[in-house]
Amino acid sequence: MDSKSFEDQPLTRVEEALQGRAAGVTVAKAGGQPGGAVKVRIRGVNSVTGNNSPLVVVDGVLGGDLSTINPNDIAAMDVLKDASATAIYGVRGSNGVIIITTKKGSGKGKINVDYFTTVSSSPNSVPRLSASDFATIENLRRTNSGGAAVYTPAQ
């Protein structure tokens, strides 16, 4: 797949570009922590070495890390997931191979800036019940559900 298939999307990780675009590739967060690790599995869980992560090849260099690559620098990304991966890379390719080709510089230098922003706000104060209002509502809730009131009018 080339970079045109995901260049207009707000991707922050390379794994997000793989998700849903390559058959047989499963991308899942390892936990719920923001910025946490992401598990990429090709062809399920079948390891010879005990590690189920695919081999990453960046511009012909073996052992790259997907978390260190900027998605905007990718020109093309290929996934090898069958016998061709092990034929080329041996046992290291048994869990599949992700081949990434980065963009090469040409012509005059230029600077591109991509940014994403969000705006959120919270109210300055949250309206709260007074003690007497709470007691009244609690008594109504209990009597409406067939129970007895908990608080007396004096309380």
Side-chain angles (χ1 to χ4, degrees), residues 1-131 133-134 136-138 140-141 144-145:
M1 96 182 88
D2 63 349
S3 63
K4 290 188 189 332
S5 65
F6 57 84
E7 69 183 6
D8 291 332
Q9 295 179 344
L11 301 176
T12 57
R13 299 181 70 123
V14 175
E15 294 92 341
E16 294 172 356
L18 280 172
Q19 194 168 18
R21 288 188 175 84
V25 177
T26 305
V27 179
K29 290 204 173 229
Q33 182 178 7
V38 176
K39 292 180 185 177
V40 178
R41 299 291 180 256
I42 300 174
R43 298 178 1 176
V45 180
N46 52 356
S47 173
V48 174
T49 61
N51 183 0
N52 292 315
S53 299
L55 175 66
V56 179
V57 180
V58 181
D59 290 333
V61 179
L62 301 177
D65 186 9
L66 292 177
S67 65
T68 61
I69 300 171
N70 182 354
N72 296 325
D73 292 339
I74 296 175
M77 187 167 24
D78 296 311
V79 178
L80 302 178
K81 55 188 170 197
D82 51 7
S84 63
T86 54
I88 299 170
Y89 297 102
V91 174
R92 292 178 292 183
S94 63
N95 295 322
V97 180
I98 299 172
I99 301 172
I100 297 175
T101 306
T102 58
K103 296 176 182 175
K104 308 290 189 265
S106 63
K108 292 184 178 181
K110 66 178 183 176
I111 297 174
N112 290 332
V113 177
D114 293 331
Y115 66 93
F116 302 100
T117 182
T118 60
V119 177
S120 64
S121 62
S122 61
N124 291 335
S125 66
V126 177
R128 291 175 285 241
L129 293 174
S130 66
D133 290 338
F134 173 78
T136 303
I137 291 173
E138 183 63 20
L140 283 173
R141 184 185 71 79
N144 288 340
S145 64

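Worth saying up front: this structure is predicted, and the values here are computed from it rather than measured.
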Review point. Do V97 and I88 have side-chain heavy atoms sitting under 4.5 Å apart?
Key: no

Review point. Between V25 and V40, is a side-chain contact (heavy atoms from CB on, under 4.5 Å) present by the stated rule, with each step listed?
Key: CA-CA 7 Å; V25 177; V40 178; 4.1 Å; yes

Revision key, fill the gap. Closest heavy-atom pair, N95 versus I42, reported as atoms and distance to 0.1 Å, is O-CB, 3.4 Å

Point to revise | Taking every non-hydrogen atom, the tightest pair across P54 and I98 | key: CG-CD1, 3.8 Å

Exercise for review: For the pair D59 (side chain) and T102 (backbone), establish whether a donor and an acceptor sit closer than 3.5 Å, ignoring hydrogens and angles.
Suggested key: yes

**Study point:** Gap between atom CG of N70 and atom CZ of R13 - 0.5 Å precision
**Key:** 12.5 Å

Study note, to complete from the structure: Smallest heavy-atom separation, F134 atom then L129 atom, equals CA-CD1, 4.1 Å

**Study point:** Euclidean distance, K104 NZ relative to D73 CG, rounded to 0.5 Å
**Key:** 10.5 Å

Point to revise | Gap separating the CD1 atom of I74 from the CD1 atom of I69, nearest 0.5 angstrom | key: 6.0 Å

Review point. Roughly how far, to the nearest 0.5 Å, is OG1 of T101 from CG of D78?
Key: 6.5 Å

Exercise for review: Assess whether side-chain contact (heavy atoms from CB on, under 4.5 Å) is satisfied between L66 and I100, documenting all intermediate values.
Suggested key: CA-CA 9 Å; L66 292 177; I100 297 175; 3.6 Å; yes

Point to revise | Donor-acceptor contact below 3.5 Å, side chain K103 vs main chain N72 | key: yes

